[in-house]
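Taking it in order: structure first as structure tokens, then the write-up.
Whatever order the structure lists them in is the order used to number ligands and atoms, beginning at 1. In this text the structure is predicted, and so the values were computed from the model without any measurement. Note that these values count all heavy atoms, side chains included, but never hydrogens, waters or copies made by symmetry.
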Amino acid sequence: MASIFTKIINGEIPCYKVAEDANYFAFLDINPNAKGHTLCVPKKEVDKILDLDEETYMGLMAFSRKVGKAIEAVIPCNRVGLSVIGLEVPHVHVHLIPLNSMADASFKTKAMVTKEEFTDLAAAIAAKIQ
Ligand code: 5GP
């Protein structure tokens, strides 16, 4: 069965899209640690990041870097942190999280974001992708 992220990539489930190319897709996390928290996903559906072939792994990192730079340009923060967990959704994804403190990286503190804010954040980050 297709993962929830494959359904998002295919447009079967809505998302706040940030970026897409032939092999990768980025969208805002629906339950963000901080405003701008974004997920970067390979279109190829693989559960664990270390099981990706090297080319897809390196491509995912390059794509995440590009999206992370755009987040940095939009969200005032100390830095954008990268985190890979995958215990909830078995489809590789890199979390890009604007960090000001360790609490932002903890996945315990969550930001309240309205639909309007999600829409505006996604558009602002997308506009900064180079
Ligand atoms: P992990 O698998 O790394 O533990 O976390 C999965 C992440 O995906 C969580 O941060 C969660 O909020 C996010 N997530 C789960 N389902 C959806 C969804 O349907 N849409 C979006 N945008 N994010 C999701």
Side-chain angles (χ1 to χ4, degrees):
M1 200 176 89
S3 77
I4 193 157
F5 289 168
T6 293
K7 289 180 181 169
I8 286 174
I9 291 163
N10 292 338
E12 296 162 32
I13 291 177
C15 73
Y16 299 96
K17 180 173 152 181
V18 166
E20 178 176 15
D21 68 13
N23 299 310
Y24 306 98
F25 195 95
F27 55 101
L28 296 180
D29 193 299
I30 205 65
N31 188 21
N33 291 17
K35 288 181 184 179
H37 181 168
T38 300
L39 302 175
C40 294
V41 181
K43 291 184 176 177
K44 191 183 287 184
E45 190 177 316
V46 172
D47 179 359
K48 300 175 188 173
I49 192 163
L50 297 182
D51 290 340
L52 286 176
D53 61 82
E54 191 171 340
E55 187 184 351
T56 307
Y57 176 90
M58 298 304 277
L60 176 62
M61 288 302 136
F63 182 79
S64 300
R65 178 175 181 273
K66 201 160 59 168
V67 177
K69 292 266 183 199
I71 296 170
E72 273 183 349
V74 171
I75 309 283
C77 60
N78 180 285
R79 66 195 57 221
V80 172
L82 279 71
S83 171
V84 177
I85 302 170
L87 290 172
E88 181 185 334
V89 179
H91 184 153
V92 174
H93 48 284
V94 174
H95 293 262
L96 298 175
I97 308 169
L99 300 176
N100 288 301
S101 71
M102 273 305 286
D104 296 324
S106 74
F107 291 86
K108 289 177 185 157
T109 314
K110 293 292 177 178
M112 293 299 296
V113 183
T114 65
K115 283 184 181 179
E116 270 185 3
E117 284 177 312
F118 271 124
T119 303
D120 291 349
L121 282 165
I125 296 167
K128 292 287 183 184
I129 304 273
Q130 291 182 340

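Atom 15 (C) of ligand 1 has as its closest protein heavy atom Glu88 OE2, 3.4 Å. Closest to atom 24 (C) of ligand 1 among all protein heavy atoms lies Ile30 CG2, 3.7 Å. In this structure, atom 19 (O) of ligand 1 lies nearest to the protein heavy atom Ile4 CD1, 3.5 Å. Nearest protein heavy-atom contact of atom 11 (C) of ligand 1 is Asp29 OD1, 3.5 Å. Closest to atom 1 (P) of ligand 1, if we only count protein heavy atoms, is His93 NE2, 3.2 Å.
Ring centers of Phe5 and Phe27: under 6.0 Å apart, within the cut-off. Ring centers of His93 and His95: under 6.0 Å apart, within the cut-off.
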Problem set entry | Residue pair Asp53, Lys44: steps toward the side chain to side chain contact (heavy atoms under 4.5 Å, CB included) verdict | CA-CA 10 Å; Asp53 61 82; Lys44 191 183 287 184; 2.7 Å; yes

For this session: Report the C-alpha distance between Ile8 and Lys17 in whole Å, list the side-chain angles of each, state the deciding distance to 0.1 Å, and finish with yes or no for side chain to side chain contact (heavy atoms under 4.5 Å, CB included).
Result: CA-CA 9 Å; Ile8 286 174; Lys17 180 173 152 181; over 6 Å; no

Exercise. Going through the distances and angles, do Ile97 and Phe107 end up as a side chain to side chain contact (heavy atoms under 4.5 Å, CB included)?
Worked result: CA-CA 10 Å; Ile97 308 169; Phe107 291 86; 3.7 Å; yes

Exercise. Does the side chain to side chain contact (heavy atoms under 4.5 Å, CB included) test come out yes or no for Asn33 and Lys110, once each step is laid out?
Worked result: CA-CA 4 Å; Asn33 291 17; Lys110 293 292 177 178; 2.7 Å; yes

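For the residue pair Thr56 and Pro42, the shortest heavy atom distance occurs at CG2-CB, 4.0 Å. Residues Asp21 and Lys43 share a closest heavy-atom pair of O-NZ, 2.8 Å.
Taking every non-hydrogen atom of His95 and a distance limit under 4.0 Å, the qualifying atoms of ligand 1 come out as 1 (P), 3 (O), 5 (O), 7 (C), 10 (O). Within ligand 1, counting atoms from 1 as listed, the ones closer than 4.0 Å to a heavy atom of Phe27 are 21 (C), 22 (N). Close approach to Asn31 involves these atoms of ligand 1, each under 4.0 Å from a residue heavy atom: 12 (O).
Among the atoms of Leu39, none of the N or O lies under 3.5 angstrom from an N or O of ligand 1. Taking any N or O of Leu28, backbone or side chain, at least one lies under 3.5 Å from an N or O belonging to ligand 1. On a distance-only criterion, Lys110 and ligand 1 share no N/O pair closer than 3.5 Å. Geometrically, ligand 1 and Phe5 share no nitrogen or oxygen pair separated by less than 3.5 Å.
Taking a 4.0 Å cut-off on heavy atoms, Cys15 fails to register as neighbouring ligand 1. At least one heavy atom of Ile8 sits closer than 4.0 Å to an atom of ligand 1. For the ligand labelled ligand 1, residue Ile13 lies outside the 4.0 Å heavy-atom shell.
Linking ILVMFWY residues whenever their side-chain heavy atoms come closer than 4.5 Å, directly or via other members, places Leu121 and Val67 in the same cluster. Linking Ile, Leu, Val, Met, Phe, Trp and Tyr residues whenever their side-chain heavy atoms come within less than 4.5 Å leaves Ile85 and Leu39 in two separate clusters.
With a heavy-atom cut-off of 4.0 Å, Tyr16 does not touch ligand 1 at all.
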